[in-house]
Structures are given as structure tokens and as C-alpha cells.
Asks: 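Below: one structure in C-alpha cells.
We're numbering straight along the sequence, starting at 1.
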Amino acid sequence: RRWAAALGLVDAAAALCFLVDATPDFREQLHALQAAAPGARLGGVLLTHAHMGHYAGLLHLGFEAMNTRGLPLYATPRLLNYLAANAPWRQLVEQGNVAPRPLAPDEWLELAPGLSVRPEPAPHRAEWSDTVGYRVRGAWRELLYLPDIDSWEAWAGPPWGQDVRAVVAGVDIALLDGSFYSPNELPGRDLAAIGHPLAADTAARLAGTPADVYLIHLNHTNPLHHPGPERDWLQAQGLAVGEAGARWEL
């Protein structure tokens, strides 16, 4: 069994930690984060978008569980409006479990003296909210976290105008959407309607990039979960697969 994709951020000097996305595995991931950073207080949660694997864990902050008080919840205005207008999420706002903090696209936000983030808007199925990734800046290195995107072609088009190779060249570490390896992984489902770039497309676009690139957010059907020819091929292209518990110092 594997957890849904999430990213923990720690500023040891400030004794603060943050979770990027509140997945259905929120309890286990918060425990793992606090075990990795003993004494670091949870300083907030940052959301990428309103799909099941990325915000359902917010329920653990509510009255029936942690009952947090004023925990900063960072997200786009559209996503925060969605949460405030719809049950059961609006109870978190009405009872003060979370304190909504709207993010401005492409503007840096200081979470702690040595830790800043910048939302990176991206095209992805927008039923309930828009979607962002996050660029994370530490003392001397930067990391890009982008677990969901429809395609690199769409990101290059209007209104985003982002070339994935140029974006990745501007960071040291990139954790990118690697949901599917093959278009044949879900018989009876149209992957074009689901979205997500295939691993081969990502590898072709990023060949030779100086950044350390890891594919994350793998669907359960993805053969990259396991050692084998697909993972060997990916490594030969200079990319790797993200692993639970991996750490990077920024």
C-alpha cells in the first residue's frame, strides 16, 4: 500500500512544518512529517486543487478530529470560495478550524524566515477549482512541486505560456506529474478525458536537464511503481521515480 502524493516542508530554525495537500492519508503523512521534524509545529496546509487525492484530508482538521484553531489554509481564491460555500468543508471555516489565506498567482509568500513558496498555475480539470503547483525556495536551492497537469502542451499555451523545460531549468529539484506510463493502463477509460502527461513525453522534453527530476503522483496501474524495464528506461533518460520518505535540503 502506498500513500497519495503530498509534500512536507520544514523550516527547522523556525520549528515550523507545512503540508502541501491534505490527502486521504493525511493522518499518516502528518505523523511521518512530525516524526521527521520533532518539535516542529504544523504551521499550515497548502492546497493545489479540489480533486479527491488532494483535499479530502481536510476533514481531519475539523470538530470530529483535530479541531484545530485558526490553522492557516493557503489556496487560490477560487478554491477557498468553493470550500467556504460547500458542506462539509464550510464547517471548517465557520467554526474557525482553518483560517483561509488566498494566494496570488506567481507571487512569493514567506511561510517562515527561511522558507518561501510561489503558486504556479497549471491547466487541469477545473470542475471545482483551478490548479496550482508550488515553487519552494530555501536558503540556497529551489524545488518545483507539480503533481497534476493536463499536458505540457496545454501549459505552453494561453493563458499559462509555460515551457516545462524552461521552468525545470530554473529549479534544482522538480517533482512532476507521472500519473501514467502508458495510454493503455485503464481499459474502458479515456485517458485524454482524465488528463496527465505520459512519462515518455515528460522524459523526452526534459532530456539533459540539469535539475533532478522525479516523477510522482503515480496511478496504481503505473509500472513505474516497481523495479522493471519501465523504471530502467526512465532512469536511462535521466529521470527518477519519487519515493515515500525522500528528503531534499533546500
Asks: Please report the closest heavy-atom contact between V98 and P100, naming both atoms and the distance.
Replies: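 Scanning both residues, the minimum pair turns out to be O-CD, 3.6 Å.
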
Asks: Check G70 against A99 and note the closest heavy-atom contact, atom names and distance.
Replies: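 Smallest interatomic distance, heavy atoms only, reads O-CB, 3.8 Å.
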
Asks: Taking the side chain as every heavy atom from C-beta outward, state whether V171 and V136 have any atom pair closer than 4.5 Å.
Replies: no

Asks: Does the side chain of L80 reach to within under 4.5 Å of the side chain of P102, using non-hydrogen atoms?
Replies: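 Result yes, sub-4.5 Å side-chain heavy-atom pair found.
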
Asks: Where is the tightest heavy-atom contact between D21 and H54, given as atom of each residue plus distance?
Replies: OD2-ND1, 2.8 Å

Asks: State, with a plain yes or no, whether a side-chain heavy atom of P223 is found less than 4.5 Å away from one of E185.
Replies: yes

Asks: L59, Y82: one ILVMFWY side-chain cluster at the under-4.5 Å cut-off?
Replies: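 Same cluster: L59 reaches Y82 through Ile, Leu, Val, Met, Phe, Trp or Tyr contacts under 4.5 Å.
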
Asks: D212 side chain to I173 main-chain N or O, any donor-acceptor pair under 3.5 Å?
Replies: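 The answer is no, because no donor-acceptor pair under 3.5 Å joins these two groups.
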
Asks: Using distance alone, with no hydrogens and no angle criterion, decide if T202 and W152 have a side-chain donor and acceptor under 3.5 Å apart.
Replies: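 Yes, a side-chain donor-acceptor pair sits under 3.5 Å.
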
Asks: Using 0.5 Å steps for rounding, measure from the OG1 atom of T221 to the CZ atom of R189.
Replies: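 T221 atom OG1 to R189 atom CZ measures 10.5 Å (nearest 0.5 Å).
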
Asks: Do Y145 and L176 pass the side chain to side chain contact (heavy atoms under 4.5 Å, CB included) test, and can you show the C-alpha distance, the side-chain angles, and the key distance before you say yes or no?
Replies: CA-CA 6 Å; Y145 183 72; L176 304 179; over 6 Å; no

Asks: Please evaluate residues I216 and V241 with respect to the criterion side chain to side chain contact (heavy atoms under 4.5 Å, CB included), reporting the C-alpha separation (whole Å), side-chain torsions for both, the decisive distance (0.1 Å), and the verdict.
Replies: CA-CA 6 Å; I216 61 165; V241 176; over 6 Å; no

Asks: Within the 4.5 Å heavy-atom criterion, are D177 and P197 side-chain neighbours or not?
Replies: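 A side-chain contact exists here, since the closest heavy-atom pair is under 4.5 Å.
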
Asks: Crowded around W160 CH2? As in, over 12 foreign heavy atoms under 6.0 Å?
Replies: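 Result for CH2/W160: enclosed.
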
Asks: Under 3.5 Å, which donor-acceptor pairs do the side chains of residues 71-79 form with other protein atoms, sequence neighbours left out?
Replies:
residue : atom : partner : partner atom : Å
T76     : OG1  : L79     : N            : 3.3
T76     : OG1  : D130    : OD1          : 2.5
R78     : NH2  : A126    : O            : 3.0

Asks: What is the distance from atom CG of L175 to atom OH of Y134, rounded to the nearest 0.5 Å?
Replies: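 Rounded to the nearest 0.5 Å, the CG-OH separation comes to 14.5 Å.
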
Asks: Could you give the distance from CD (Q237) to CG (D232), rounded to the nearest 0.5 Å?
Replies: 11.0 Å

Asks: Classify the angle between the aromatic ring planes of H49 and H51 as parallel (below 30°), tilted (30 to 60°) or perpendicular (above 60°).
Replies: perpendicular

Asks: Would you mind listing every side-chain hydrogen bond (donor to acceptor under 3.5 Å, both in side chains) that reaches into residues 91-104, with sequence neighbours excluded?
Replies: N67-N97

Asks: Return yes if some donor-acceptor pair links the side-chain N/O of D25 with the main-chain N/O of A4 below 3.5 Å, else return no.
Replies: yes

Asks: Only distances under 3.5 Å count here; give the side-chain donor-acceptor pairs of residues 36-46 to other protein atoms, sequence neighbours excluded, each with its distance to 0.1 Å.
Replies:
none

Asks: Check the surroundings of atom CZ in R69: do more than 12 heavy atoms from other residues, nucleotides or ligands lie under 6.0 Å from it?
Replies: yes

Asks: Are more than 12 heavy atoms from other residues, nucleotides or ligands located less than 6.0 Å from atom CD of E249?
Replies: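 Counting neighbours around CD of E249, 12 or fewer heavy atoms of other residues, nucleotides or ligands fall under 6.0 Å, so no.
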
Asks: Is there a donor-acceptor pair closer than 3.5 Å between any side-chain N or O of R205 and the backbone N or O of R165?
Replies: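 The answer is no, because no donor-acceptor pair under 3.5 Å joins these two groups.
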
Asks: Is it true that L250 and V10 fall in one hydrophobic cluster, defined by side-chain heavy atoms closer than 4.5 Å?
Replies: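 No.
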
Asks: What heavy-atom pair brings W155 and A122 nearest, and what distance separates the two atoms?
Replies: NE1-CA, 3.8 Å

Asks: Side-chain heavy atoms nearer than 4.5 Å, only ILVMFWY residues, links allowed to pass through others: does that put L7 and L16 together?
Replies: yes

Asks: Between E142 and R135, is there a side-chain heavy-atom distance shorter than 4.5 Å?
Replies: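 In contact.
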
Asks: If you define the side chain from C-beta out and look only at heavy atoms, does anything of Q29 sit under 4.5 Å from L33?
Replies: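 Contact flag for Q29/L33 side chains = no.
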
Asks: Let me see the working for L83 and L47 under side chain to side chain contact (heavy atoms under 4.5 Å, CB included), right down to the final yes or no.
Replies: CA-CA 11 Å; L83 296 173; L47 299 179; 4.0 Å; yes

Asks: Could you pull out all residues at least two apart from H225 that satisfy side-chain contact (heavy atoms from CB on, under 4.5 Å)?
Replies: R2, L218, N222

Asks: About how many Å separate CG of N81 and OG of S129, when rounded to the nearest 0.5 Å?
Replies: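 These two atoms lie 11.0 Å from each other.
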
Asks: Taking all non-hydrogen atoms of both residues into account, name the closest pair between A203 and L234 and its distance.
Replies: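 Minimum heavy-atom contact is CB-CD1, 4.4 Å.
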
Asks: Do L206 and L143 share a hydrophobic cluster, counting only Ile, Leu, Val, Met, Phe, Trp and Tyr and linking them when any side-chain heavy atoms are less than 4.5 Å apart?
Replies: no

Asks: How would you list all residue pairs meeting ring-ring contact (aromatic ring centres under 6.0 Å, His included) that involve residues 174-197, not counting sequence neighbours?
Replies: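 Every pair satisfying ring-ring contact (aromatic ring centres under 6.0 Å, His included) with a residue in residues 174-197: H124-H196, F180-H196, H196-H217.
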
Asks: May I ask you to check if R141 and W248 form a cation-pi contact, with NZ or CZ under 6.0 angstrom from the six-membered ring centre and within 45° of the axis?
Replies: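 So R141 doesn't make the cation-pi contact.
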
Asks: Please name all residues satisfying side-chain contact (heavy atoms from CB on, under 4.5 Å) with S151, sequence neighbours left out, ordered by chain then number.
Replies: E153, A154

Asks: Roughly how far, to the nearest 0.5 Å, is CG of L115 from SG of C17?
Replies: 10.5 Å

Asks: Is the shortest side-chain heavy-atom distance between D172 and W140 below 4.5 Å?
Replies: no

Asks: Do L58 and F63 share a hydrophobic cluster (ILVMFWY, side-chain heavy atoms under 4.5 Å, transitive)?
Replies: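 Different clusters.
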
Asks: Compare every heavy atom of L198 with every heavy atom of S182, then report the nearest pair and how far apart it is.
Replies: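 Closest approach of S182 to L198, heavy atoms only: C-CD2, 4.0 Å.
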
Asks: Measure the OG-CG distance between S116 and L9 for me, rounded to the nearest 0.5 Å.
Replies: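 One finds 11.0 Å between OG of S116 and CG of L9.
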
Asks: Which residue, D106, L146, T131, forms the side-chain contact (heavy atoms from CB on, under 4.5 Å) with E120?
Replies: D106

